[in-house]
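Atoms within each ligand, like the ligands themselves, are counted from 1 in listed order. We number each residue from 1, following the sequence as shown.
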Amino acid sequence: MEIVRNIEDLRQAVAKLRISAPGIAMVPTMGALHAGHVALVDAARSRGCQVVVSIFVNPTQFGLNEDLDAYPRREAADVAMLEAAGAALLWAPDVATMYPQGFATSISVSGVSERWDGAARPGHFAGVATVVAKLLQQVRPDIACFGEKDYQQLAVIRRLVADLDMGIEIVGVPTQRDDDGLALSSRNTYLTPDERAAALALPRALGEARTAIERGGDVARALSAAAARLAKAGFDLIDYIALVDAATLEPVDRLDGQARLLAAAKIGRTRLIDNLAVGD
Ligand code: PAF
């Protein structure tokens, strides 16, 4: 796997890949890779594409009091994982390459980005939309793969790519989970053993809420039972637990078509998010 760190080398490497491949797929990441990222590379390869992965811890999507400095960085292990997964090219720019002196553009996607994480983390989705637009513009892939674990992010990126006529197919890849059900996340490394055990309440609370709602139970009651379960397990702060329309992400108070349960909550210093399809 070739590793490139400046735009000129990236353009040449992608042009070379294009000669040999029917399609180019991109998997944007912030590194600290795990099996969830490998599933994105697998999804891209299964479509017959050569895979370009980016690793860039994007400062503009972190709030002032968030974990930018603590975010795990371990490029050597990431490279080994990507080589084993069959990625063709790693794009690993630094901050000055992505945001040179004078950089002044920000992309804001209204609607789907406004509630939930958009409300809890002001500026987060403008940071995501801007960096993803840059990464897609730099590589110009045919398809790009993103995890459903960041369900709202996926919706924001779909809107961005459609609105800017980028002509790139966005593939959502199902959340990968540990054997006990916790969604894989680079931030799980922050959890102490006790917090890791307690964190299981998140997928379990969502699973119970889904069952109750699919059986015709009252949505508000199912959501408050889930919130109570998280509080009892030791979550300190619940940003939201909501049932939303799967496409618009607007809240719904009864199940009518495809919906998604979304949740974000903090345990200790770690903020976890998760989601489940409901009514498929
Ligand atoms: O999901 C992530 O890892 C990041 O938000 C992304 C899409 C790579 C943009 O920085």
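- Proximity of a side-chain donor or acceptor of Gln152 to a complementary backbone N or O of Phe125 within less than 3.5 Å is not detected.
- In the hydrophobic clustering (ILVMFWY side chains linked at under 4.5 Å, chained through shared members), Leu202 is joined by Leu182, Leu191, Leu200, Leu206, Ile213, Val219, Leu223, Leu230, Phe235, Ile238, Ile241, Leu243, Val252, Leu255, Leu261, Ile267, Leu272, Leu276, Val278.
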Is there any protein N/O under 3.5 Å from an N/O of ligand 1, and what does the full list of such pairs look like?
{"unit_1": "ligand 1", "atom_1": "1 (O)", "unit_2": "Gln153", "atom_2": "NE2", "d": "2.8"}
{"unit_1": "ligand 1", "atom_1": "5 (O)", "unit_2": "Gln61", "atom_2": "NE2", "d": "2.9"}
{"unit_1": "ligand 1", "atom_1": "5 (O)", "unit_2": "Gln153", "atom_2": "OE1", "d": "2.7"}
{"unit_1": "ligand 1", "atom_1": "10 (O)", "unit_2": "Gln61", "atom_2": "OE1", "d": "2.6"}

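- Between the side chain of Asn6 and the backbone N or O of Glu8 there is at least one donor-acceptor pair closer than 3.5 Å.
- Within the structure, salt bridge (charged side-chain N to carboxylate O under 4.0 Å, His left out) contacts touching residues 131-145 (residues at least two apart or in different chains) are Arg18-Asp142.
- Contacts of Tyr240 classified as ring-ring contact (aromatic ring centres under 6.0 Å, His included), with partners at least two apart in sequence or in another chain: Trp116.
- Atom CZ of Arg196 has more than 12 neighbouring heavy atoms from other residues, nucleotides or ligands inside a 6.0 Å radius.
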